[in-house]
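As the structure lists them, so they are numbered: ligands from 1, and atoms in each ligand from 1.
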Amino acid sequence: ILIVWQLCNYYYYSFIIMSTYLVAGAGGFIGGHLVKSLMSQGHNVICADVKPLQYWFQLFDENKNYSFDLKEYENCLKATKGVDYIYNMACNMGGMGFIENNKAECMLSVLINTNLLRACLINKVKKYFFSSSACVYNAKKQKEVFIPGLKEEDAYPAEPEDGYGWEKLFSERMCRHFTEDFGLETRVIRYHNVYGPMGTYDGGREKAPAALCRKIILAKMNKSNSIDVWGDGEQTRSFMFIDDCLEGTQKIFNSKLTDVYNLGSDEQVSINQMISILEEISNFKVEKKYQLDKPKGVRGRSSNNDLVKKILNWSYKIRLKDGLKMTYDWMKIEIDKHGSNISRFTKS
Ligand code: GDC
């Protein structure tokens, strides 16, 4: 009995080890952390990203690393060969400063999703994940500063963020129809402003948590007591730390859930409140210079996570002040090492 038990365990374990994952967007922020997590679970990981390898946030030489454009169908076919599961984290994106000024570029990411889905059918991939965004939600429901958390059904009637949000909403539906028409298992999650170490913090694509950490670090270094803030600082968001994102994503991916789910925190704060938290972390007070003509996005946004909580018992664990502290500490070391104007992470 013992031998049979050990054999069963061996084959079960080998089966898990033998799973091959493709992480599309492996050179990016969430993609890089996901690759590391999958590797630590013993999986075989294939990585692909449009960025040259030297600009990947995390690069693991033991993996097969493709630096090519997944908007091209031929590259999707190559990357998905022999793959069991795909996490598609790849898209041309950034914070409000980027997505408001690069709508066509953002919409072109539809080619990545389209061609990966087509390649899944050819290479018989078992399951496909698409990373969607809170930017799919109807703008009319985000006009007040403190709003109730957005529920999954609030994406319709459709009036998403122009460009980027439309691409995400369209691609969500494409996943659904590939499931209905071709039987491909898909999972889709709407992320709410994910932040943490090893992400973009300068160059124009950075989101508010990284941008404000950087501004305060530099203000303190340069002994200047003021920072620029986009908008009046009263706009609100909820932010999800990368570790919570990874745990929730894999929990949903490995579950039987086939609908579209929010993944975020419901700790809704204004940008001014986030700056106050950073002032405490840095032990440095700043004067806020409001720039009302800069990209602001929606007035208020937060995530309702009741569905995932109820079905999978998932909830975010890391409070904003703890996540910001980890991000700030990491960035401080980066800026001390690489200087204040240039980051090795700035290339798209
Ligand atoms: O860029 P973001 O984090 O994107 O901006 C949040 C708010 O912070 C905006 O109102 C912005 O004006 C304000 N803000 C103030 N100062 C600054 O220096 C700054 N830099 C930035 N970037 N913002 C500042 C994001 C999308 C993402 C993704 C997530 C999903 O929208 O940009 O691509 O899909 O949403 O939740 P945000 O939260 O509007």
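- Ligand 1 lies out of reach of Gln291, whose nearest heavy atom is not under 4.0 Å from it.
- Within the listing of ligand 1, atoms 28 (C), 30 (C), 34 (O) sit less than 4.0 angstrom from a heavy atom of Ser133.
- For Gln235, the heavy-atom gap to ligand 1 drops under 4.0 angstrom.
- The minimum heavy-atom distance between Met89 and Leu34, with the atom names listed, is CE-CD2, 3.8 Å.
- Aromatic ring centres of Phe29 and Phe57: separated by at least 6.0 Å.
- Polar contact with ligand 1: absent for Ala134 (N/O pair, distance under 3.5 Å).
- Between Arg190 and ligand 1 there is no heavy-atom distance shorter than 4.0 Å.
- Using cut-offs of 30° and 60° on the angle between ring planes, the pair His192 and Tyr137 is tilted.
- Ring planes of Phe241 and Tyr195: perpendicular class, angle over 60° (limits at 30 and 60°).
- Side chains of Ser276 and Glu280: no donor on one and acceptor on the other come within 3.5 Å.
- Residue contacts with ligand 1 do not include Gly231, since none of its heavy atoms lies under 4.0 Å from the ligand.
- For Lys296, a nitrogen or oxygen atom sits less than 3.5 Å from a nitrogen or oxygen atom of ligand 1, counting backbone and side chain alike.
- Taking every heavy atom of Tyr191 and a limit of under 4.0 angstrom, the matching atoms of ligand 1 come to 30 (C), 36 (O).
- Contact annotation: Ala210 has no heavy atom less than 4.0 Å from any atom of ligand 1.
- Proximity to Met93 (heavy-atom distance under 4.0 Å) selects the following atoms of ligand 1: 33 (O).
- Taking every heavy atom of His192 and a limit of under 4.0 angstrom, the matching atoms of ligand 1 come to 36 (O).
- Which parts of ligand 1 touch Pro295 is read off a 4.0 Å heavy-atom cut-off, strictly below it: atoms 11 (C), 12 (O).
- Ligand 1 has no nitrogen or oxygen under 3.5 angstrom from a nitrogen or oxygen of Val229.
- Each of the atoms 33 (O), 34 (O) of ligand 1 lies under 4.0 Å from some heavy atom of Tyr164.
- Close approach to Ile99 involves these atoms of ligand 1, each under 4.0 Å from a residue heavy atom: 26 (C), 32 (O).
- For atom 7 (C) of ligand 1, the nearest non-hydrogen atom of the protein is Ile271 CD1, 3.8 Å.
- Using cut-offs of 30° and 60° for the angle between ring planes, the Tyr201 and Trp330 rings count as perpendicular.
- A donor and an acceptor atom, one from each side chain of Tyr316 and Asp243, are nowhere located under 3.5 Å apart.
- Using a 4.0 Å heavy-atom cutoff, Gly297 is absent from the residues neighbouring ligand 1.
- The atoms of ligand 1 that sit less than 4.0 Å from any heavy atom of Cys135 are 26 (C), 34 (O), 35 (O).
- Side-chain contact check for Met221 versus Ile335: some heavy-atom pair is nearer than 4.5 Å.
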